[in-house]
Amino acid sequence: MTIRLYDTATREVRDFVPLVDGHVGIYHCGLTVQAAPHVGHIRKEVVFDVLRRWFEHHGYAVTMIANLTDIDDKVLIKSAEQDLPWWALAYANERALHDAYTVLGCIPPTYEPRATGHIPEMLELISALMAKGHAYVAEDGSGDVYFDVRSWPAYGELSRQRIDDMEVAADADPRGKRDPRDFALWKGFKKGEEPDSAAWPAPWGLGRPGWHLECSAMVGKYLGDEFDIHGGGLDLRFPHHENELAQSRAAGRRFARYWVHNAMVTTAGEKMSKSLGNSALVSEVVKRVRPIELRYYLLAPHYRSVIEFGFDALAEAAAGFRRLEGYVVRASEVTDGVDPRDGMLCAGFVAAMDDDLGVPAALAAVFEVVREGNKLLAEGDSSALRGNLAAVRRMLAVLGIDPLSPVWSAVTRDEKPVQDALDALVAHLMRQRENARAVGDFTAADAVRDSLRAAGIDVEDTPSGPRWTVG
RNA sequence: GGUGGAGUGGCCGAGAGGCUUAGGCAACGGCCUGCAAAGCCGUGUACACGGGUUCGAAUCCCGUCUCCACCUCCA
């Protein structure tokens with residue numbers, strides 16, 4: 001059983017071979033913390049969370065590093081607009097990101113380094129690039145330092161582009177650059193235009209890091225010169241990852257062995273994006289559907305397929321998830337629960353997951369096991385039912401959507417007395433209904449059921465007795 | 001202009017030459033139920049278009065159309 005992954009660099013599905021047996025180091029580009037995370041951002045977190053869980057299922061010790069880019073042009077611009085210190089904006093959005101991780105049941109990264117905490121590592125990298133002739137100080141006195149793309153013949157290898165075929169950005173600022181495609185490693189401080197707190201001393205003068213540099217520096221610090229997997233959204237392939245790759249390799253580091261990119265989330269046919277203003281914030285979406293349903297919606301399609309975000313599709317996905325959840329809950333009531341760690345993954349699930357994280361086929365396998373489980377459930381408690389339930393829960397746990405995981409139990413202390421009161425009241429009405437049914441007074445029994453339904457409580461009769469759910 | 005990706009049944013969404021009826025949602029029929037609900041069994045409508053290769057094409061080739069992502073702000 002080997003995990004196979006699509007590698008963007010080679011454009012093929014390859015067997016995963018770790019650098020160190022039994023270990024896997026994954027770096028995925030976190031966020032530039034300029035705004036609260038939207039559904040597209042959190043899709044990436046969910047995808048890498050599932051990847052991580054699958055590696056762990058295979059017995060790998062996973063080191064997961066996700067960066068936080070907390071100083072950058074956009075952070076400065078947005079914070080100025082909002083009349084906040086840049087670091088306050090960055091930190092507020094960092095916390096919003098953590099809230100989104102938590103609410104969607106993502107395991108936190110092993111470490112989440114911040115760009116501002118790694119200036120020395122970045123300076124060291126720039127020095128190495130200068131020493132090898134791949135970086136230069138701008139000649140216009142701006143204090144900028146650029147990477148010289150013409151000095152690195154492999155430039156463009158990740159996105160398969162030739163420098164001469166690239167369009168030069170309309171807004172490119174060519175000042176001091178040898179080639180308009182050269183990118184900034186260091187941005188000279190502009191006294192008066194930028195806050196004094198956004199500048200750090202460097203041999204080339206006060207300034208701040210350019211975008212891309214932080215990732216190369218932090219990957220090197222936490223995962224080493226060569227590491228297993230570098231990931232992120234497909235939109236980062238160029239320029240971000242191309243530039244990370246160039247500056248790391250040019251500095252003599254071997255860098256990533258596999259590149260894993262997830263596809264975008266679109267709305268109305270366009271990429272969900274902070275700058276397009278078409279974002280659905282995670283914090284808003286989870287007011288309309290349960291977080292576990294959003295997570296299911298985001299992981300059910302293959303990670304390399306575009307998701308056209310919509311509340312109708314989300315509701316439909318949620319209906320599918322509830323089929324799984326309904327089985328797990330009903331079977332657990334009958335068996336008094338099982339330990340999902342006792343479950344056996346079915347072969348179809350494993351084969352699908354091993355094949356480039358084939359979650360759609362893996363879920364199809366889960367649905368088939370659930371169908372078997374529902375048949376067993378009709379016959380009551382049995383060891384077969386327990387085995388089936390444990391298997392289903394274990395497979396759902398690999399995807400991070402086990403409905404009974406404590407991660408999803410939202411009952412807080414404050415709600416407990418309310419919950420208890422509701423339980424008591426509904427139980428009383430249920431007894432009334434049962435008494436009426438026992439004497440054949442179905443009019444009275446149905447009246448109770450109707451009144452409960454009007455209050456949002458569904459009643460159903462099962463072989464093991466009536467049950468109710470808040471629907 | 002350059003680099004990638006996509007178009008599948010009412011909807012979502014896999015598959016990548018024959019042996020998936022993928023799966024799910026919705027619909028319809030049956031079973032179960034006092035009636036429901038849930039569940040189980042069954043049913044239908046597919047592979048953007050035009051050619052070609054092949055015994056056989058959703059899958060390969062050629063052409064056409066449409067859409068998406070990236071080309072230095074982006075997950």
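Chain identifiers are assigned alphabetically (A, B, ...) following the order of the sequence lines, protein sequences preceding nucleic acid strands; residue numbering begins at 1 within each chain. None of these values were measured; they are calculated from a predicted model.
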Out of G13(B), C25(B), A75(B), which has the shortest distance to the side chain of Arg323(A)?
C25(B)
Option among Asp446(A), Asp441(A), Asp461(A) that satisfies the side-chain hydrogen bond (donor to acceptor under 3.5 Å, both in side chains) test with Arg433(A)
Asp461(A)
State which of A36(B), C71(B), U72(B) makes the closest approach to the side chain of Gln161(A).
C71(B)
Looking at A36(B), does its base get a donor-acceptor pair with the side chain of Arg449(A) below 3.5 Å?
yes
Please report the distance separating the P of A38(B) from the corresponding atom of C49(B), rounded so that it comes out in whole Å.
36 Å
When you measure only distances, ignoring hydrogens and angles, does the side chain of Arg437(A) come within 3.5 Å of the base of G34(B) through a donor and an acceptor?
yes
5' precedence on RNA chain B between Arg453(A) and Val39(A) (nearest-nucleotide basis):
Arg453(A)
Of the candidates C35(B), U3(B), G24(B), the side chain of Asp446(A) sits closest to C35(B)
I'd like to check, for Phe442(A), whether its ring lies over the base of G34(B) with centroids under 5.5 Å apart and a plane angle smaller than 30°.
yes
Measure the distance from CZ on Phe183(A) to P on U72(B) and round it to the nearest whole Å.
13 Å
For Phe309(A) and His38(A), I'd like to know if the aromatic rings sit close, meaning centre-to-centre distance below 6.0 Å.
no
Nearest heavy atom decides the nucleotide; on that basis, is His38(A) or Asn243(A) closer to the 5' end of RNA chain B?
Asn243(A)
Taking any strand in view, what nucleotide pairs with G17(B) in a Watson-Crick or G-U wobble way, both distances under 3.5 Å?
none
Given that both distances must come in under 3.5 Å, which nucleotide forms a Watson-Crick or G-U wobble pair with G10(B)?
C25(B)
In terms of side-chain heavy atoms of Pro360(A), which of G24(B), C71(B), A14(B) is nearest?
A14(B)
Quick one: the side chain of Asp461(A) and the base of C35(B), do they pair up donor-acceptor inside 3.5 Å?
yes
Identified pairing partner of A46(B), criterion: Watson-Crick or G-U wobble below 3.5 Å:
none
Give a yes or no on whether the ring-centroid distance for Tyr146(A) and Phe183(A) is below 6.0 angstrom.
no
Regarding G24(B), can its base be found pairing with the side chain of Glu316(A) as donor and acceptor, where the two atoms are less than 3.5 Å apart?
yes
Using the P atom as the reference point in each nucleotide, state the distance between C61(B) and A6(B) in Å, no decimals.
12 Å
Look at the side chain of Pro239(A) and decide which nucleotide, out of A37(B), C41(B), C71(B), has an atom nearest to it.
C71(B)
When you get a sec, tell me which of A75(B), G24(B), G39(B) is the closest nucleotide to the side chain of Cys29(A)?
A75(B)
Should we count CZ of Phe367(A) as having more than 12 external heavy atoms under 6.0 Å?
yes
